[in-house]
Amino acid sequence: QAFSFKPAGWPSAPVWWVQRPDSCSGLTPPTGAAAMALNIMIFKCSQGQCAGRLFFSMEEVQDHAEAFGASHANVEQVDPESKVWVDPKTARYTTKEQQKQRWEAADPQAKFEEQTVTFVVELTRKRKEEQKRRDKFVDSVDQKQLETLATGKMYNRIRVAKALHFTRGQGLEAAEKWMADHEGEVDLDKLTDEFLNAIAGGAASGSGDVVMGDASADVEMLDPSVPDDRKVGDPNPPEVKEKINQELLKQVMEMGFDELRSEKALYKTDNAGLEYAVNWLAEHAEDADIDLPMLKPAAPKPRMSQEEAQAKAAELQRKLREKKAHDEKLLHKEQERMRVESTKMMVEASEKLKDEERKREIERMQREKDETERQRKELKEQLRLDYIERFGKDPPAEEEDAEKAVKEKSSKDQVAHYLSKLKKTYKDTDKEGLKTCLTTLRIYVKNLQDNPQDLKFKILKLDNKAFSTRIMPFEEGGALDFLQAIGFERKEGSFEQRKSVPDGWLCGNALKFIDLILSQL
């Protein structure tokens, strides 16, 4: 029956062992500042299967300790602003995100929000108030008739309570008929907020039977025109006596209660039975007015006719159906919005994943390229060192080796090489100039092919304006090397054909290469 409590934030504080007074043997609950702290604190179970459960009063902590024993009832203080995961619809909560994820996996409809302990306290309070409203409605009808229909004939208790409410005072047959007439209606077996609000609104407006009160309450409906001149020893008024079951009155009086008290007990319990009357007397034995006669009851308010009650019930059901249809429409719209948003998020996530994969692939290729370049440089350096070791000097430059290798190729291969070199060198920096150079070279080659015996086409003067402006600027790119490859030889101030008859086959291939490159540009 004992439980331990450690105040949060007080690391050096002793453990408080608290017991119920009736089971305390030498130990007493904390007093002074400690008691004040306990009154305002929120507690959390920190051990066993209930770890994480919140308690909002000392009574709840003590009940938990009695139910589970001291070994599973260690509690600690909780900061009201600490975070919890809450499903506002079901009021389920947890302080552990893993538990929240398990609940969401088991119930896809669950929507947990990150809130504070204060929010849980307020939510719990509201749900208790809502439950009290429902209990109050059920208690507002004749409990004996309720038990007869719910227990004896196995009807749903909420349905029976509604039937008794709308057929108040008309008997069990009227209640059963009401249930048969409303069979299949929406939320017939539920007490929705809309229904209770409508009932409360009807009570406020004084509309006949639409009343929600507590049938077990002892508030008397008094006639304000009758003065309160009661005194001990006076009998109950005739309006009370005529409603008393004389057989039950005799049984209560045989148990030792006087007539006045017995009549009051039977009147208050609506002649429900001996047990109900005795219980009422036990509960009210210490009332200040227990031995005073009852006041004359006020005249009852006029009740609605059966047709009016049925019409009002039908109107209430219609409003409930409209409200439910409206809520379902809003829910459908919200679900569609969430579906669209979810699809959009999935597409965005997919695109993001693809982008990341492309970036990783580019990085991988760059790493491979860098690694290949590093290995190439290492191999080149090793070859250079081997050459120096063998010949005692640095190897010839790569450009010299490449140029020597080109000179050893056939004339056709040389023509293709120098034209490709021209394209590679100038296609990005001077494309238009490159086109003009190639077009001029094509004219020179075409003239040689068409006029192999004409001397003027075999000599290209360096100071010629077309040659100096269209060919010479591209010397480094291989333009002059191309002329040498098709048979021209450089002399003082000019290029001249070495052969008396130019190679027509070579000129034809050169024209094809030039046309191909021009088409690509």
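The first residue in the sequence is number 1, and the count goes up from there.
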Hits for side-chain hydrogen bond (donor to acceptor under 3.5 Å, both in side chains) against Q310, two or more places apart or cross-chain, chain-then-number order -> none
Expected output: side-chain E176 to main-chain A174 donor-acceptor under 3.5 Å:
no
Between atom [atom1] of [X] and atom [atom2] of [Y], what is the distance when rounded to the nearest 0.5 Å?
{"X": "T269", "Y": "K144", "atom1": "OG1", "atom2": "NZ", "result": "9.5 Å"}
{"X": "L266", "Y": "K241", "atom1": "CG", "atom2": "NZ", "result": "11.5 Å"}
{"X": "E104", "Y": "D87", "atom1": "CD", "atom2": "CG", "result": "8.5 Å"}

Just wondering, are more than 12 heavy atoms of other shown residues or ligands nearer than 6.0 Å to [atom1] in [X]?
{"X": "E173", "atom1": "CD", "answer": "no"}
{"X": "E356", "atom1": "CD", "answer": "yes"}
{"X": "E275", "atom1": "CD", "answer": "no"}
{"X": "Q109", "atom1": "CD", "answer": "no"}

Should K312 and E315 count as an ion pair when the cut-off is N to O under 4.0 Å?
no
Flag side-chain contact, heavy atom, 4.5 Å: [X] against [Y]:
{"X": "M255", "Y": "L274", "result": "yes"}
{"X": "M294", "Y": "E239", "result": "no"}
{"X": "P80", "Y": "T116", "result": "no"}
{"X": "K369", "Y": "E373", "result": "no"}
{"X": "E81", "Y": "V117", "result": "no"}

Apply the test side-chain hydrogen bond (donor to acceptor under 3.5 Å, both in side chains) to residues D135 and Q131: give CA-CA distance (whole Å), side-chain angles for both, the deciding distance (0.1 Å), then the verdict.
CA-CA 6 Å; D135 293 343; Q131 186 59 45; 2.9 Å; yes
Would K162 count as a cation-pi partner of F195, with NZ or CZ less than 6.0 Å from the six-membered ring centre and within 45° of the ring normal?
yes
Listed once per pair and sorted, the ring-ring contact (aromatic ring centres under 6.0 Å, His included) pairs that draw on residues 80-111, sequence neighbours left out:
W103-F112
